[in-house]
Asks: 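Below you will find the structure I want to go over with you.
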Amino acid sequence: MKYRNFLKSRLSDDIPDNLLLPSGFHLVGHVALVHLDFELMKYAHRIGNTTLEYDSRVKSVVVKTGPTKGRTRQPSYSLVAGDSNTVTTHIESGVKFKLDPLRLTFSGGNKGERIRVSHLTKHGENVVDMFSCVGQFTLHIAKAANVEVTAIEINPEAFEFLVENINLNELNDRVTAVLGDCRKVHPRGVANRVIMGYLHDTISYLPTAIETLVDEGGVIHMHLSIPESEVKRIIKRINQICRGYGFQSTTEVFNVKKYSPGIEHFVFDILVK
Ligand SMILES: C[S@@+](CC[C@H](N)C(=O)[O-])C[C@H]1O[C@@H](n2cnc3c(N)ncnc32)[C@H](O)[C@@H]1O
């Protein structure tokens, strides 16, 4: 039975018919992340307990209580049912990610992009992941190809899980984790491919990505959440910045997912020569 119908069948006596129950949840390991409309928040515990009954994989249910905040993208969730230990191991296409989704973001909507980039990466490449978090891109890439990856993360909490995940996936010989601000700690002149998996004013970090590439250039995957109408302006700006470093650039743009009303998550694949 579909999740919404299951909730309806169990909760119709308590929750008024005019309130729209959620159609699904995002599952990270054993933790179900549920988004509820404001009017449903007072029923969050009932919905949480019913979610535990709905899917035996779910051991903890958390609901979104506010926006994702700050440079480290700290999510706002609150536990409403089940196990209070929300540290979990999420497995995606054979890659293990240990994290606490109550404290760190892990977007299910980016899965296709993680797989796409891991397939683009060729054996022998040197890759720098500038915003690696717990290794979302790094681990897929290092698992798919015999590459050298430098994974940079500024948040010590995410960094701790990143180091643990490198061990968990037995990728120590391919991945080096670096704690710090990528603008300060990035390697220079080494990379064939740079991943910029950060959505907010990412273009201000493009000079750092260019400095990270080898002299012949390479590929930069720059993520950004913007209205579609902004795409052309961003491509112009990319060309300008690359020219400033003596490079030519060709950019392809892909839509990763809807981000919020009127805003899309795009990835700009920038071929720098
Ligand atoms: C939203 S997460 C995205 C993780 C992953 N790249 C992805 O796309 O799924 C962005 C990460 O970048 C980190 N971050 C933000 N600014 C940074 C900086 N200047 N240097 C290194 N890491 C940074 C944050 O702490 C956070 O873990």
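Counting convention: from 1, in listed order, for ligands and their atoms alike. Everything numeric here is computed off the predicted structure, so don't read it as measured data.
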Asks: With a 6.0 Å cut-off on the ring centroids, do His221 and Phe268 count as close?
Replies: no

Asks: Are a donor atom and an acceptor atom from the side chains of Arg243 and Gln240 found within less than 3.5 Å of each other?
Replies: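 There is no such pair (donor and acceptor under 3.5 Å, judged by atom type) between the side chains of Arg243 and Gln240.
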
Asks: Please say which of Asp129, Val128, Leu206 ends up in a side chain to side chain contact (heavy atoms under 4.5 Å, CB included) with Met196.
Replies: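 Single pass found, and it is Leu206.
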
Asks: Under 6.0 Å between ring centres: does that hold for Tyr3 and Phe25?
Replies: yes

Asks: What I want to find out is whether Arg114 reaches Glu92 closely enough, with some N-O distance under 4.0 Å, to be called a salt bridge.
Replies: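 Yes, Arg114 and Glu92 are salt-bridged.
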
Asks: Show the short N or O contacts, below 3.5 Å, that ligand 1 makes with protein N or O atoms; if there are none, say 'none'.
Replies:
unit_1	atom_1	unit_2	atom_2	d
ligand 1	6 (N)	Phe131	O	2.7
ligand 1	6 (N)	Gly197	O	3.0
ligand 1	8 (O)	Gly197	O	3.4
ligand 1	19 (N)	Asp181	OD1	2.9
ligand 1	20 (N)	Cys182	N	2.9
ligand 1	22 (N)	Ile154	N	3.3
ligand 1	25 (O)	Glu153	OE2	2.6
ligand 1	27 (O)	Glu153	OE1	2.8
ligand 1	27 (O)	Glu153	OE2	3.2

Asks: Would you please say whether a donor-acceptor pair under 3.5 Å links the side chains of Lys96 and Asn165?
Replies: no

